[in-house]
Amino acid sequence: MMSIMAPAADKKLTGLVAATFTPITSEGPIFFTFSQNSEINLSGIGPYIDYLKEKQGVNKVFVNGTTGESMSLSVEERKLLAEEWCRKAKGKMDQVIVHVGCLSLKDTQELAHHAAQIEADGIAVIAPSFFKPSSADVLRTFLQEVASAAPTLPFYYYHVPSVTGVNVKVRELIEGIEKVIPSFRGIKFTESDLMDLGQCISYSPPHWSVLYGVDEQLLGALAMGAHGAVGSTYNYVGCHVNKLISAFETGDLVQARTIQFKIQELLSFAIKLGFDVGVNKQLMNELSGLDLGPPRLPVMTCPAARALAIKQKYDSIFPE
Ligand SMILES: CC(=O)N[C@@H]([C@@H](O)[C@H](O)[C@H](O)CO)[C@@H](O)CC(=O)C(=O)O
């Protein structure tokens, strides 16, 4: 374990952030489309960081999120993973944000406290989704309780209603939030509601970050003023999306749209074939050459032919 409770660097989170997959062992019998033996594989993290940096130009990671199958991992596994990401990222990645949301407030607080101990650069929290908060006020109080377990860490609300079923408007949630969560630093906004996104951005003080999480329409969010993006596809299209962001920043909208349209073409092809975390993970294995293993049940392993078909589409859209 690393040194305890050093104050975290409070650096504004901007640009491209990869929502990482969790390396899982692929040994053991694999029957049909699911693995019987599913253990986290910490040795996969070092090479993964080198790949993101060198091949994708991505220097920020969001670990143990949706893509990382956090809700299918035990609290102990999540601690081991967060610790290894922070350890291996030192000197290589600019920021490691650890998602700590769980169904239980106690588990969430434990992971938040742990993230502070291992010197993560920030924490993010989704809304609990079995017993759901009944209003923005209740959700704010839940987040406040979590933040109090790691008061020195930059805190981000992770809005992903397609997964949690919690449809609270984020603009309503963040009203006066810094008074109760002084460490509040922004939102990871994974929803297509550009009106709510825009209202969040116009309300945000300069030291907050609003990061967009629907990769297929990032350009719309950048036009609305998003400060960056967190997404699964930045694991393998990060190098192209970095160019999209640069083109947007220099006012070259034609180039920015060209790249966004290519990503839309890839994702609409993948979505037609069935695109979930299992397919996404296998596509990442194919495109990166890393062995991140299969997903964990209940997510099913992707049939090899499906990932290969998406990879071929990728190769035709983004020829070397
Ligand atoms: C619902 C969902 O998983 N959305 C993805 C997107 O990157 C998504 O895979 C992409 O836009 C393709 O639809 C991310 O926002 C998730 C994410 O950042 C995370 O893994 O925590």
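We count ligands from 1, going down the list as the structure has it; atoms in each ligand are counted the same way.
The shortest contact between atom 11 (O) of ligand 1 and any protein heavy atom is with Glu216 OE1, 2.6 Å. Closest to atom 15 (O) of ligand 1, if we only count protein heavy atoms, is Gly213 O, 2.7 Å. With respect to atom 3 (O) of ligand 1, the closest heavy atom belonging to the protein is Thr66 CG2, 3.7 Å.
No part of His99 comes within 4.0 Å of ligand 1, judged by heavy-atom distances. Of the heavy atoms in Thr190, only side-chain atoms (C-beta onward) come closer than 4.0 Å to ligand 1.
A salt bridge between Asp137 and Arg140 is present, with a side-chain N of the basic residue lying under 4.0 Å from a carboxylate O of the acidic one. For the pair Glu110 and Lys106, the salt-bridge criterion is not met [side-chain N within less than 4.0 Å of a carboxylate O]. Contact check on Arg87 versus Glu84 returns a salt bridge, with a Lys/Arg side-chain nitrogen under 4.0 Å from an Asp/Glu carboxylate oxygen. In this structure, Glu119 pairs ionically with Lys90, as a charged nitrogen and a carboxylate oxygen lie closer than 4.0 Å.
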Could you walk me through whether Phe62 and Leu211 pass the side chain to side chain contact (heavy atoms under 4.5 Å, CB included) test, one step at a time? CA-CA 11 Å; Phe62 184 89; Leu211 299 140; over 6 Å; no

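Those atoms of ligand 1 with a heavy atom of Phe62 less than 4.0 angstrom away are 21 (O). In the vicinity of Val230, heavy-atom distances shorter than 4.0 Å reach the ligand 1 atoms 15 (O), 18 (O). In the vicinity of Thr67, heavy-atom distances shorter than 4.0 Å reach the ligand 1 atoms 16 (C), 17 (C), 19 (C), 20 (O).
Residue Arg296 forms a salt bridge (Lys or Arg N to Asp or Glu O under 4.0 Å) with just one option from Glu39, Glu77, Glu69, and that option is Glu77.
Of the N or O atoms in Tyr158, one or more lie within a sub-3.5 Å distance of an N or O in ligand 1. In terms of polar-atom proximity, defined here as any N/O pair under 3.5 Å, Gly231 makes no such contact with ligand 1.
Using 4.0 Å as the threshold, Tyr234 has no heavy atom nearer than that to any atom of ligand 1.
Following chains of ILVMFWY side-chain contacts shorter than 4.5 Å, one can reach Val180 starting from Phe155, so the two form part of one hydrophobic cluster.
Using a distance-only test at 3.5 Å, with no hydrogens or angles considered, a donor-acceptor pair links the side chain of Gln264 to the main chain of Glu216.
Closest heavy-atom approach to atom 9 (O) of ligand 1 among the candidates Ser192, Ala18, Ala19, Ser232: Ser232.
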